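Below is one structure; the comments refer to it alone.
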Number of protein chains: 2
Amino acid sequence: MANETVKIPQATAKRLPLYYRFLKNLHSSGKQRVSSAELSEAVKVDSATIRRDFSYFGALGKKGYGYNVNYLLSFFRKTLDQDELTKVALIGVGNLGTAFLHYNFLKNNNTKIEVAFDVDEGKVGKTIGEVPIFHMDDMDKQIVAADIQVAILTVPAPVAQPITDRLVQANVKGILNFTPARLNVPAAIRVHHIDLAVELQSLVYFLKHYPTETEE
Amino acid sequence: MANETVKIPQATAKRLPLYYRFLKNLHSSGKQRVSSAELSEAVKVDSATIRRDFSYFGALGKKGYGYNVNYLLSFFRKTLDQDELTKVALIGVGNLGTAFLHYNFLKNNNTKIEVAFDVDEGKVGKTIGEVPIFHMDDMDKQIVAADIQVAILTVPAPVAQPITDRLVQANVKGILNFTPARLNVPAAIRVHHIDLAVELQSLVYFLKHYPTETEE
DNA sequence: TAAACTTTGTACTATTTTTCACAAAATCAC
DNA sequence: GTGATTTTGTGAAAAATAGTACAAAGTTTA
Ligand SMILES: NC(=O)c1ccc[n+]([C@@H]2O[C@H](COP(=O)([O-])OP(=O)(O)OC[C@H]3O[C@@H](n4cnc5c(N)ncnc54)[C@H](O)[C@@H]3O)[C@@H](O)[C@H]2O)c1
Ligand SMILES: NC(=O)c1ccc[n+]([C@@H]2O[C@H](COP(=O)([O-])OP(=O)(O)OC[C@H]3O[C@@H](n4cnc5c(N)ncnc54)[C@H](O)[C@@H]3O)[C@@H](O)[C@H]2O)c1
């Protein structure tokens with residue numbers, strides 16, 4: 001299933017969805033060609049970094065011309081597997097979880113939240129943004145049955161680890177963790193932490209301690 | 001206002017709030033001492049990295065013993081300015097914005113969302129999580145009056161840039177941007193992007209292309 | 001067609017971040 | 001008190017990421 005000859009650097013891999021989204025915008029505004037300099041201005045990544053990122057996939061551009069938007073777009077669509085739908089489960093339909101269900105990442109992505117789970121009887125049985133909410137007792141069975149490999153975790157921190165253990169057991173391979181808990185998982189499972197409180201605090205730290213610097 | 005002799009690496013600065021939060025947990029569970037190895041296990045950061053991070057602030061530990069939890073905690077409280085409250089404004093009380101208002105980052109932080117703004121007349125005048133919601137027309141004046149320096153941006157992408165320009169004009173120094181738009185700001189303004197759709201997509205990319213690797 | 005211009009792809013360099021590995025200093029056990 | 005054990009703090013190496021600068025290859029203009 002890994003179909004690159006050479007491993008793409010992680011930093012590059014994290015920028016690919018960003019490039020892809022901007023290319024879609026260009027495409028729908030009818031643009032035919034684009035240079036690394038234009039892309040750079042739009043996504044705020046150095047143009048040499050963009051050219052290097054692209055070069056991992058071969059010579060996608062043309063000297064003196066730039067990149068063909070359609071070609072690049074269809075190339076990245078394949079690379080980012082935009083043609084297959086990745087099914088996602090959401091655990092914990094609270095403040096954050098509800099926001100994600102309403103949004104559902106469909107506008108830009110190849111991902112779809114198919115089911116949600118919660119312990120709250122007032123929520124179980126309801127539907128938010130067309131996503132049905134089931135009880136946690138049914139989670140393991142349903143995730144296995146639907147062959148869901150990605151989960152978004154928006155539960156209270158104290159229950160994050162035990163639920164994670166169940167997710168791993170149910171064959172989930174990737175977890176987007178919004179709880180402050182740092183999860184223990186086998187090496188083959190990928191966890192991305194998005195720690196909103198830490199993000200806010202580190203922004204404040206930078207403001208106070210690096211008054212006139214630029215970054216990210 | 002910058003009170004470090006030596007500049008702390010950015011990567012270190014981003015981990016500080018994480019350390020601080022775990023130290024608070026240790027403290028409230030009555031623990032007196034902690035080693036870099038224990039911290040490492042808990043926050044999932046290599047122990048050498050933790051020792052190096054701490055060492056930028058001087059010799060905070062004791063050989064053969066580890067770190068004194070109370071000492072470390074009070075040191076980081078000062079360093080992270082936990083004693084001053086940083087006032088935050090939230091722009092865009094939609095799905096995400098509402099979730100943040102309910103949460104309000106008070107449990108862990110020195111930050112508080114003091115005011116929110118929206119154009120929706122149905123929301124203006126209401127209060128969510130004790131935060132009053134005002135109309136966008138009043139934003140500039142209120143932010144200046146309250147001397148708010150940090151803003152959370154949860155508005156639709158197309159209006160992100162013009163609102164950002166107004167925020168900069170109103171003397172905001174840091175923006176936590178949840179919209180997909182990449183913002184143009186003067187060099188002195190700090191923007192942290194949290195791009196949830198990109199996070200989900202890059203997780204999926206890693207799953208498909210780096211099947212058994214570990215990271216982050 | 002030719003000269004001027006544009007823009008890629010990458011060799012090379014720089015910077016940042018992480019990790020190894022170990023002497024030094026302290027604790028701990030008895 | 002002494003030797004075994006623990007654990008820090010850091011020099012040095014490694015790895016990862018970013019950026020400079022330019023030859024090469026194309027496009028555009030006239
Ligand atoms: N809301 C925010 O802005 C915000 C910001 C930073 C971090 N977080 C973190 O995100 C997580 C969710 O935050 P939230 O504000 O949505 O919380 P919330 O309390 O609104 O929602 C949690 C949901 O999880 C459900 N739940 C509780 N125990 C469960 C269990 N054992 N199994 C399944 N579901 C269970 C609850 O019924 C509730 O619906 C928390 O860990 C929080 O620390 C939230
Ligand atoms: N909700 C999510 O899960 C999610 C995920 C990824 C990205 N995002 C991004 O976060 C942003 C907010 O998402 P959301 O789901 O909360 O959207 P939303 O539509 O629910 O909320 C947007 C809010 O902004 C207000 N608004 C519109 N124009 C405004 C203006 N000119 N000034 C002030 N307020 C204005 C609207 O009244 C609304 O309350 C969007 O840019 C979205 O792309 C959201």
Side-chain angles (χ1 to χ4, degrees), chain A residues 4-16 18-19 23 26 31-69 71-72 75-76 187 202 206 209-210 213-216, chain B residues 4-16 18-19 23 26 31-69 71-72 75-76 182 187 193 202 206 209-210 213-216:
Chain A
E4 261 77 52
T5 318
V6 188
K7 277 273 176 285
I8 303 307
Q10 306 239 352
T12 296
K14 289 190 178 180
R15 283 187 291 263
L16 296 181
L18 199 59
Y19 298 148
L23 287 169
L26 280 185
K31 210 139 181 306
Q32 299 287 322
R33 62 185 270 194
V34 66
S35 68
S36 60
E38 284 173 274
L39 266 164
S40 172
E41 165 60 22
V43 300
K44 308 280 184 253
V45 171
D46 187 273
S47 70
T49 300
I50 293 178
R51 292 198 299 279
R52 164 117 26 232
D53 283 347
F54 288 3
S55 78
Y56 293 116
F57 300 99
L60 304 179
K62 219 184 249 179
K63 298 187 181 190
Y65 177 88
Y67 301 89
N68 179 286
V69 171
Y71 179 74
L72 213 51
F75 184 86
F76 278 120
S202 78
F206 280 118
H209 297 265
Y210 298 64
E213 314 257 359
T214 332
E215 190 258 358
E216 179 167 355
Chain B
E4 263 76 52
T5 319
V6 187
K7 277 274 178 282
I8 302 308
Q10 307 239 350
T12 297
K14 289 188 178 181
R15 284 188 291 264
L16 296 181
L18 199 58
Y19 298 147
L23 287 169
L26 281 185
K31 210 140 183 307
Q32 298 286 322
R33 62 184 269 191
V34 65
S35 68
S36 60
E38 284 173 272
L39 266 164
S40 172
E41 166 59 22
V43 299
K44 309 278 185 251
V45 171
D46 187 272
S47 69
T49 300
I50 293 177
R51 292 199 299 280
R52 166 96 49 210
D53 283 348
F54 287 3
S55 78
Y56 292 116
F57 299 99
L60 304 179
K62 219 184 248 178
K63 299 187 180 188
Y65 176 87
Y67 301 88
N68 179 287
V69 172
Y71 179 73
L72 213 51
F75 183 85
F76 278 120
R182 311 305 274 193
H193 287 271
S202 78
F206 280 117
H209 297 265
Y210 298 64
E213 313 255 0
T214 332
E215 189 255 358
E216 180 164 354

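All values below were derived from every heavy atom in this structure, side-chain atoms included, with hydrogens, water molecules and symmetry-related copies excluded. The model shown is predicted, which means the values in this text are computed figures rather than measured ones. Here is the naming used below: chain letters follow the sequence lines, and residue numbers restart at 1 for every chain.
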Fill in the blank from the handout: note: Leu39(B), atom CG; dT7(D), atom P; distance rounded to Å ~ 12 Å
Handout entry: Nearest-Å distance for atom pair CD1/C1', residues Ile8(B) and dT15(C)
Key = 17 Å
Completion exercise
Ile50(B) atom CD1 is separated from dC20(C) atom P, nearest whole Å, by 14 Å
Practice task
Examine distances only and state if a side-chain atom of Glu41(B) and a backbone atom of Glu38(B) form a donor-acceptor pair shorter than 3.5 Å.
Solution key: no
Handout entry: Minimum side-chain heavy-atom gap Thr49(A)-Arg15(A) below 4.5 Å
Key = yes
Handout entry: Inter-residue atom distance Arg51(A).CZ - Leu39(A).CG, 0.5 Å rounding
Key = 11.0 Å
Practice task
Would you please confirm or rule out a distance under 4.0 Å between OP1 or OP2 of dT18(C) and any side-chain N or O of Thr49(B)?
Solution key: no
Exercise for the section: To the nearest Å, give me how far apart CG (Asn68(B)) and C1' (dA26(C)) are. Expected result: 15 Å
Exercise for the section: Tell me what Ala48(A) touches on the nucleic acid: a base, only sugar-phosphate, or nothing, going by heavy atoms under 4.0 Å. Expected result: base
Problem - pair His209(A)-Ile8(B): side-chain heavy atoms closer than 4.5 Å - result: no
Completion exercise
Separation of dT8(C) atom P from Phe57(A) atom CZ, nearest Å, is 17 Å
Exercise for the section: Enter the distance from Arg182(B):CZ to Ser40(A):OG here, rounded to the nearest 0.5 Å. Expected result: 11.5 Å
Fill in the blank from the handout: Residues Ser47(A) and Ser36(A): closest non-hydrogen pair is CB-O, 3.6 Å
Completion exercise
Whole-Å distance, Tyr56(B) OH to dT8(D) C1', equals 15 Å
Problem - Interatomic spacing from CZ in Phe57(B) to CG in Leu16(B) - rounded to 0.5 Å - result: 4.5 Å
Handout entry: Interatomic distance where CZ belongs to Phe54(B) and P belongs to dG9(D) [whole Å]
Key = 9 Å
Side chains of residues 58-69 of chain B: which donor-acceptor pairs under 3.5 Å do they make with residues two or more places apart or in other chains?
residue, atom, partner, partner atom, Å
Asn68(B), OD1, Asn70(B), N, 3.0
Asn68(B), OD1, Tyr71(B), N, 2.8

Completion exercise
d(Ile50(B) CD1, Tyr19(B) OH) to nearest 0.5 Å is 4.5 Å
Exercise for the section: Report the end-to-end axis angle of the helix from dT1(C)-dA30(D) to dC30(C)-dG1(D); each axis comes from five terminal pairs, and the value is rounded to 10°. Expected result: 30°
Completion exercise
Per-nt protein contacts along nucleotides 1-7 of chain C (heavy atom under 4.0 Å; B base, S backbone sugar-phosphate only, - none) come out as -----BB
Practice task
Would you kindly check whether a donor in the side chain of Arg52(A) faces an acceptor in the base of dG19(D), or vice versa, at under 3.5 angstrom?
Solution key: yes
Handout entry: Euclidean distance, atom CG of residue Asp46(A) to atom P of dT8(C) [Å, nearest integer]
Key = 12 Å
